[in-house]
Every structure is written in structure tokens, then in C-alpha cells.
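Structure first, commentary second.
This is a predicted model, so every value here is computed, not measured. Indexing begins at 1, ligand by ligand and atom by atom, following the structure's order.
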Amino acid sequence: MTPDRTDRNACDGQALYPRGPILAIESSCDETACAILSPEGEVLAEKVISQEAHAAFGGVVPEIAARAHLALLPDLARKTVEASGLTLHDLGAVAASTGPGLIGGLIVGANFGKGLAIALDKPFIAVNHIEAHALSARLPGVSKKNISFPFLLLLVSGGHCQCLAVEGIGRYRRLGGTIDDAAGEAFDKVAKMLGLGWPGGPQLEALAKKGNPAAFAFPRPLKGRAGCDFSFSGLKTALARQIEPYGNTALPRSVAADLSASFQQAVADVIEDRVRHAFAMMEPPTTLVAAGGVAANGVLRASLTRIAAEHDVPFVAPPLRLCTDNAVMVAWAALEVCHEAARRGLPMPDDRAVRPRPRWPLSEMQERFAVQAEAV
Ligand code: KG4
Ligand code: ZN
């Protein structure tokens, strides 16, 4: 992905921080990932390992994830540097997801990154993982046109389900989010009930292609309600009720396919309604952006494309490798923060003192520039 040098995302031609490529680390859940980007956002190398040890448990086991990050990270970082053709000394900065997420993995990734930054005497950038998802669509080359602010982000993954008004770097307004399960979590739990493997979303989508989305009249939780909160637990219960009569006998494949298609349609309808409300809750956005693993779902993408067209804005979903957890988005978010600091006439940030946090609300991201400005 070669960035356009005239790209407005890449710092408006001002002095670029950092003064060399950035190595980023992602370890907030069950993906161990490293990437190296040039200061302008060109991807020089990227590697990701999706930990497989969790499949047997039907969900991510935090302790296993943390140990796996510890075992995998040093070699993965070395191979990423090798693949970039650079040496560690060519780097201009190191970044890592520092929250929110599973604290064991965050401690491993952030401390590895800080250790490397200290050893190389380079700045360390602490990245908010949600901010990284939010900004991933602005990575040069992802969309045909630059995505300018404000844009509307739908973040739908295994752990997150929320709508954000992205008004600028560090300026994120949460318009609504799930009051129970995340969308991906609901897909995974329902897939488990249907006897499918984990993660369930992709398998449920494949089975749904053989089913009838109108076969079961599932509820559309919160549809039509003010705001843009989400709820999926009632939908999950409604599906469980349909399975009950089969007891211990295996579900006929055709019934499982109809259940999958009907469930998927209900989720897409609910998300469509909630996103329509989100449009009305912010200044007209330039773009509708979707990120997170569930954004890979074809039926959901069709709904989102339709809503974007209704509002006369483009719909952008980064390619799947950038939608799911990855280190390219972490590096890009760190670069956006550095570019924003440069734009504000602030020095290159250095977050060695920032500690990993399991919770890190986006509303706090604006403070980083205020704190930096005070220190100058
Ligand atoms: O973003 P992601 O890789 O990891 C985090 O949760 O952070 O998202 C994974 C989630 C899983 O719940 C998975 O079942 C869901 O995304 N998913 C899908 C599809 N592909 C992945 N859900 C529905 N349809 C899909 N095609
Ligand atoms: Zn994520």
C-alpha cells in the first residue's frame, strides 16, 4: 500500500514525527501482531499470529493469551524487522496497544515496546486500541478518497459494539453502544448453540447462505428506540427457545441454516436501524466507516452500503486484515497522534510513563495534547 504523498492524512506537508519508521505491537486480545510503517504511513512489514489455543475453550482465555503473547512476541518482532529490510537502529519510534483490553496481554506488549524503546533511546507511543480501530480507515490507500472528519464509525467485533462520531484526532464522541453482548459475541454464542466451531461468525454466515432469513420471526431488540444503543441478548434467548424442542438430538442441517439466516438478518436489521439513528446524532458525517471482525459479514455490509447511499456518503470498510486486530492500525494511530502533535506545534510525544489499562475511555484521548501543551 503506497501512500499518496499529497494525502491530507499525512501531516499536510509539515515536519513529520517520528524521524524514522515506527514499529508497533498489538497484544490486547488473542492476536499477537507487529508492523512497521514509514513516518508517512507506508506499510513496510506486517505479521500477525492468531492464537489457536483458545478454540478448544470456545472463547479467549486471558491467561493463555498473555502467556502466548510472551512466548510469541520476541521472535515475531525480530521477523517483522527482518521483513522490512531495516535494522532496529533505523526505527524512529516504538508503539503498542496499551488499553483497553485483556490486561495480561497489554502488559506483555506495552512492556516489550517500552523496553525496546528505552534500549534504542527512541520515543514510545501508547496507543488506545479503540482509537486504532477508529482511525484505521484513514491509513493511506484504504479508501479511494481521504476520509476527513467528522466521520461515523461503527465498531463491531467480538469485544466491542459501538457507534462513534470521529471528529478529529483525539476527538471521539460515543453515540451509543451495546448494553449486553457485543455483536461478535452474539454471533459466537449462537454459533456454539448451533454446534458450529469458534469463532462462530464466519461459520454462521456460511451456513446462513443455505437458509431462509424469513423462516423465523426473531425480535429486533431496541429497533426504533431513540439513540443508538444495541442489545443482542434477547435475540440469543429467542434462538435458544427454538432449539429447545430438539433436546439432545442433533439439529437438522436445514433448520440450523434457517436459524442462522434468520438470526443474521435480525442482527443486520438492528444494526441498520441503530446506525440510521447515529447519523441523526452528529454533524453530517463525510463517510460511514465500519471496523471490527463482524464488519466482514456480507449481509451487514449490504445494509451499511444502503444506509450510506441514503445519506449520500461513501461506505468504507477496511480490508479484513485491517478490520480484525492487527498492528498496522496501531502503528497508524501512533503516527496520527505524532502528526497531530506536529500540527499543533508540540514536541514528539513519548509515553514511557503511561501504564497499560484494561479500560481506557476514548473521551480521555483529547487530554494527551492538553497535557503535552502544558508541559511545553
Ligand atoms: O475484531 P475481531 O477479529 O476481534 C475482536 O473481537 O477484537 O472480531 C472477531 C469477531 C468474532 O466474534 C467473530 O465471530 C466475528 O468477529 N466475525 C464475524 C464474521 N467474521 C468474524 N461475525 C459475523 N460474520 C462474519 N463474517
Ligand atoms: Zn479490537
Side-chain angles (χ1 to χ4, degrees), residues 24-33 48-52 54-55 57-62 65 69 96-102 105-106 109 127-137 153-162 164 177-178 181-194 196-209 211 213 230 232 235-236 260-261 263-271 289-304 317-330 332-333 358-360 362:
I25 296 153
E26 163 57 38
S27 62
S28 66
C29 191
D30 59 337
E31 259 87 28
T32 312
V48 53
I49 300 174
S50 293
Q51 301 173 4
E52 283 167 4
H54 308 281
F57 299 91
V60 180
V61 182
H69 288 305
S97 274
T98 309
L102 301 176
L106 291 170
V127 173
N128 181 306
H129 178 87
I130 307 290
E131 182 175 35
H133 275 300
L135 298 174
S136 61
L153 173 79
L154 169 71
L155 177 57
V156 272
S157 70
H160 324 289
C161 182
Q162 52 186 289
L164 289 175
T178 185
D181 292 343
E185 197 179 350
F187 267 99
D188 291 339
K189 286 178 179 168
V190 163
K192 198 171 178 180
M193 288 184 218
L194 296 174
L196 305 174
W198 183 86
Q203 299 195 30
L204 191 146
E205 181 176 19
L207 183 58
K209 291 203 170 82
F230 300 80
F232 297 106
L235 191 48
K236 209 176 53 195
S260 297
F263 168 80
Q264 177 177 258
Q265 191 59 53
V267 172
D269 286 355
V270 165
I271 294 179
V289 176
V294 185
N297 187 277
V299 173
L300 178 60
R301 277 186 186 230
S303 299
L304 296 173
L320 190 58
R321 65 173 232 290
L322 294 178
C323 270
T324 54
D325 286 350
N326 66 89
V328 171
M329 70 176 189
V330 178
W332 175 246
R359 290 181 184 275
W360 191 4
L362 279 177

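Among protein heavy atoms, atom 15 (C) of ligand 1 sits closest to Val294 CG2, 3.9 Å. Protein heavy atom in closest approach to atom 24 (N) of ligand 1: Asn297 ND2, 3.0 Å. Nearest non-hydrogen protein atom to atom 22 (N) of ligand 1 is Gly201 CA, 3.4 Å. Protein heavy atom at the shortest distance from atom 4 (O) of ligand 1 is Asp325 OD2, 4.1 Å. Closest to atom 26 (N) of ligand 1, if we only count protein heavy atoms, is Glu205 OE1, 2.7 Å. Among protein heavy atoms, atom 9 (C) of ligand 1 sits closest to Gly158 N, 3.8 Å.
Expressed to the nearest 0.5 Å, how far OG of Ser97 lies from NE2 of His133 amounts to 8.0 Å. Atom CG of Asn128 is separated from atom CG of Leu362 by 5.0 Å, given to the nearest 0.5 angstrom. Leu153 CG to Glu131 CD: the interatomic distance, rounded to the nearest 0.5 Å, is 11.5 Å. To the nearest 0.5 angstrom, Asn297 atom CG is 4.5 Å from Gln264 atom CD. For the atom pair SG of Cys323 and CE of Met329, the computed distance is 10.0 Å after rounding to the nearest 0.5 Å.
Taking 2.8 Å as the threshold, His133 counts as a candidate ligand of the Zn ion (ligand 2), since one of its N, O or S atoms lies below it. The Zn ion (ligand 2) lies at 2.8 Å or more from every N, O or S atom belonging to Cys29.
Around atom 19 (C) of ligand 1, the closest heavy atom drawn from Gly298, Ala206, Gly293 belongs to Gly293.
The aromatic rings of His129 and His160 lie tilted to each other, with the angle between the two planes from 30° to 60°.
Side-chain contact check for Ser260 versus Leu194: some heavy-atom pair is nearer than 4.5 Å. Within the 4.5 Å cutoff, side-chain heavy atoms of Leu300 are placed close to those of Val156. In this structure, Leu154 and Phe230 have side chains that are in contact, with non-hydrogen atoms separated by less than 4.5 Å.
Taking distance alone, with nitrogen or oxygen atoms compared against 3.5 Å, Glu31 stays at or beyond that limit from ligand 1. Considering backbone and side-chain atoms alike, His129 places every N or O at 3.5 Å or more from each N or O of ligand 1.
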Q: Report the C-alpha distance between Phe263 and Phe187 in whole Å, list the side-chain angles of each, state the deciding distance to 0.1 Å, and finish with yes or no for ring-ring contact (aromatic ring centres under 6.0 Å, His included).
A: CA-CA 9 Å; Phe263 168 80; Phe187 267 99; 5.3 Å; yes
Q. Under the side chain to side chain donor-acceptor pair (under 3.5 Å) criterion, do Glu26 and Ser28 qualify, and how do the steps go?
A. CA-CA 6 Å; Glu26 163 57 38; Ser28 66; 2.6 Å; yes
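The shortest heavy-atom distance from Pro202 to ligand 1 is under 4.0 Å.
Residue contact check: Gly184 has heavy atoms under 4.0 Å from atoms 12 (O) of ligand 1. Against a heavy-atom cut-off of under 4.0 Å, Gly159 is close to the following atoms of ligand 1: 6 (O). Contact atoms of ligand 1 toward Thr324: 1 (O), 3 (O) (distance under 4.0 Å to a heavy atom of the residue).
Counting just the N/O/S atoms of Asp325, the one with the shortest distance to the Zn ion (ligand 2) is named OD1.
With a 4.0 Å heavy-atom cut-off, ligand 1 is reached by the side chain of Asp188 but not by its N, CA, C or O.
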